Amino acid sequence: MGMDTDNAPWWTRATGYQIYPRSFQDSDGDGIGDLRGIISRLDYLAGLGIGFVWLSPVYASPMCDMGYDISDYRAIAPEFGTMGDMDRLIAEARARDIGIVMDLVVNHTSDRHAWFEEARASRDAARRDWYVWRDPAPDGGPPNDLQSTFGGPAWTLDASGQYYLHLFDRHQPDLNWDNPAMRAEIHAMMRWWFDRGIAGFRMDVIDLIGKDVDRGVTVDGPELHDRIREMMQATAAGRDVVTVGEAWSATPETALLYCGRDRGELSMIFQFAHITRFWGGPRGKWAPEPFDLVEFKRVLDRWQAALAEDGWNSLFWSNHDLPRAVSAYGDPGRWRVRSAKMLATVLHLMKGTPFVYQGEELGMANAGFGSIDAYRDVETLNMHRLMTEGGMSDAEFLAGAAISSRDNARTPMQWTDGAQAGFTTGTPWIGVNPDHRQVNAAAQLDDPDSVLAHYRRLIALRREMDLIVFGSYTPLVPDHPAVFAYRRDLHGEALTVIANWTGEEVSLDLPPGMETAGTCLITNCERRDRLDTRMNLAPYEAFALLHAPSSPARRD
Ligand code: GLC
């Protein structure tokens, strides 16, 4: 059952762009990015060619988790603007053919949401059951040993004598998805947003909403898929929208449950296996295991295979929770430009919908702050406290944070080489990366060799070529330790993508029987117009050759 390419949904051809609003563009000098700032940069996004923006949360929030702790789903945080600004953003984006995708954070609310304030006020409150309450264990401790992602127990004892559940910070109480009235209110809220003209939702930690707390089951719980289906029927039915579920627990085996075309669930999910594969050590992401390209390719190839005929892949290297791509996988020093382009080439020519995380298209690198005072992220600060209480030195913690803290990707967008990178006229809420003097949009906009120009070209190619959108995917040289290569095929047309993932020159022996002649679609080095059975690839070299069915094979 292949996809009917003529009637394929719009989001299969589009490229997404994630905005972390707090750090994108400040318009009023308070040091915090805002909606008017985003509106002022819509032409930049249109010039890049993206089809939709995923906006990290802009709802009313005490900002304990920078907006992932919502206190009112139908209001905009004052530091980000007003509902009028939001409506203008949706309309102005639409005028440029860009959809706005909102972040849907419904596993939990803020503890300052009116629902939670009512629920915690008394055990008889009408909305008490909208959250997850349990009596203490016989020894007075938490009801079970569920742990919070941000460190420590997932239970906090409240004045009522019961514990409430929070799989994240204690200021983020989990909603009780067993409660039908709560679910109905979430659905109504989603319809309200759809009616304002948004293009879809990115669904925060959606794999948690079917949990069975008493059995200690959080991800992938028994009710999960019924709840997603119910949600979609109640909100998205009959609307041409995109839905992307964040699903840390998804595997190639479970993926189609979320995004199989007959499931009535989601357009696609964000899957993380290519990232979490290296977080298996005792300190998880705070001390990742050494990167291994063969393993990395194996994971991605499995995802491509699993969703080859049904479902759809999302493609991303980075987001607001992850390190910067060029720091994690490339070389932000000597080979910054070339390695950033290599990473983009490999990602954008795979099958799926690619997502660009703000600044990635400039080759922005990790902040790597040298002092704990520079960090703002609740997870980093909680972990710092817990790990240093447990005996870890500050220096050791900071070394891990420089690799994996979420703040690495949250520093202000680098627009210019001037004060605060052109992000704000005030004092930014988090430090600007000093490398903005070299790495900024102004320096790249008119430079045809810039990382930005490379992204523009890749995004345009996807808009133009069905081969890139729908072509089948075949890994080449899966066991090569330094080269990421694959082939795409559609109706006799083929694309070969070859990338040296390392800073060393490497040699590559291609499997026999491949077409050699081609047209270079894109490269980050010298143009090549043919493949040789043995090739030497320059450091981080990446290119794609198009083999058209009609092009006569060239013989030398
Ligand atoms: C998701 C978000 C992350 C947030 C968490 C809790 O993983 O991407 O930023 O902290 O959910 O909402």
Side-chain angles (χ1 to χ4, degrees), residues 15-26 33 37-38 40-51 53-56 98 315-348 354-369 406-424 428 430-462 522-524 540 542:
T15 296
Y17 186 95
Q18 183 190 353
I19 289 185
Y20 194 68
R22 207 176 175 80
S23 300
F24 192 62
Q25 177 67 67
D26 179 20
I38 298 173
S40 75
R41 295 295 185 180
L42 282 172
D43 286 334
Y44 169 84
L45 298 175
L48 191 54
I50 57 141
V53 165
W54 151 27
L55 205 57
S56 275
I98 296 173
L315 307 170
F316 67 97
W317 295 145
S318 179
N319 66 27
H320 67 294
D321 294 329
L322 298 173
R324 288 283 180 182
V326 76
S327 300
Y329 307 114
D331 174 357
R334 176 168 178 208
W335 299 113
R336 177 202 300 261
V337 171
R338 205 191 278 176
S339 67
K341 290 179 183 177
M342 181 281 288
L343 292 168
T345 308
V346 171
L347 190 78
H348 284 247
F355 286 77
V356 181
Y357 176 65
Q358 68 181 43
E360 181 186 315
E361 76 279 18
L362 306 175
M364 275 180 66
N366 279 355
F369 294 128
R406 306 194 300 178
D407 280 341
N408 282 308
R410 297 180 179 184
T411 60
M413 178 73 174
Q414 294 167 196
W415 297 105
T416 70
D417 63 2
Q420 314 302 356
F423 162 70
T424 181
I430 190 170
V432 172
N433 193 325
D435 72 6
H436 72 275
R437 285 184 200 91
Q438 299 80 47
V439 182
N440 61 76
Q444 298 190 26
L445 267 172
D446 298 319
D447 173 2
D449 294 326
S450 63
V451 179
L452 181 60
H454 196 83
Y455 269 84
R456 222 186 277 134
R457 217 168 292 141
L458 283 166
I459 294 168
L461 283 172
R462 172 171 291 270
I522 192 158
T523 178
N524 61 0
Y540 293 112

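No experiment lies behind these values; they were computed from the predicted model shown. In this chain, residues are counted from 1 in sequence order.
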I want to check something: taking the side chain as every heavy atom from C-beta on, are [X] and [Y] in contact at a cut-off of under 4.5 Å?
X: Pro412; Y: Ile430; answer: yes
X: Leu55; Y: Ile38; answer: yes
X: His454; Y: Thr345; answer: yes
X: Leu445; Y: Arg456; answer: yes
X: Leu45; Y: Ile98; answer: yes
X: Tyr455; Y: Leu48; answer: yes

To the nearest 0.5 Å, what is the distance between [atom1] on [X] and [atom2] on [Y]?
X: Arg462; Y: Ile50; atom1: CZ; atom2: CD1; value: 14.0 Å
X: Thr15; Y: His348; atom1: OG1; atom2: NE2; value: 6.0 Å
X: Phe355; Y: Asn319; atom1: CZ; atom2: CG; value: 10.5 Å
X: Asn433; Y: Asn408; atom1: CG; atom2: CG; value: 9.0 Å
X: Gln358; Y: Met413; atom1: CD; atom2: CE; value: 6.5 Å
X: Arg22; Y: Ser56; atom1: CZ; atom2: OG; value: 12.0 Å

Summary of salt bridge (charged side-chain N to carboxylate O under 4.0 Å, His left out) pairs that have at least one residue in [range], sequence neighbours excluded:
range: residues 328-346; result: Arg336-Asp435
range: residues 406-419; result: Asp65-Arg406, Asp321-Arg406, Asp321-Arg410, Asp377-Arg406, Asp377-Arg410, Glu379-Arg406
range: residues 354-366; result: none

Please find the pair of heavy atoms, one from [X] and one from [Y], that lie closest to each other, and give the distance.
X: Gly37; Y: Ser40; answer: O-OG, 2.6 Å
X: His436; Y: Asn440; answer: O-ND2, 2.9 Å
X: Leu343; Y: Tyr329; answer: CD2-CB, 3.7 Å
X: Gly422; Y: Gln25; answer: O-NE2, 3.3 Å
X: Pro448; Y: Ala453; answer: O-CB, 3.5 Å

Has the side chain of [X] got a donor or acceptor atom that lies under 3.5 Å from a matching backbone atom of [Y]?
X: Gln414; Y: Arg437; answer: no
X: Ser23; Y: Tyr20; answer: no
X: Ser450; Y: Gln444; answer: yes
X: Ser318; Y: Pro323; answer: yes
X: Tyr357; Y: Leu322; answer: no

Notebook entry, point to check: What residue among Phe423, Trp415, Tyr44 forms ring pair (Phe, Tyr, Trp, His ring centres under 6.0 Å) with Phe24?
Noted result: Trp415
Checklist line | Residues Leu362, Leu452; criterion side chain to side chain contact (heavy atoms under 4.5 Å, CB included); working and verdict | finding: CA-CA 5 Å; Leu362 306 175; Leu452 181 60; 4.3 Å; yes
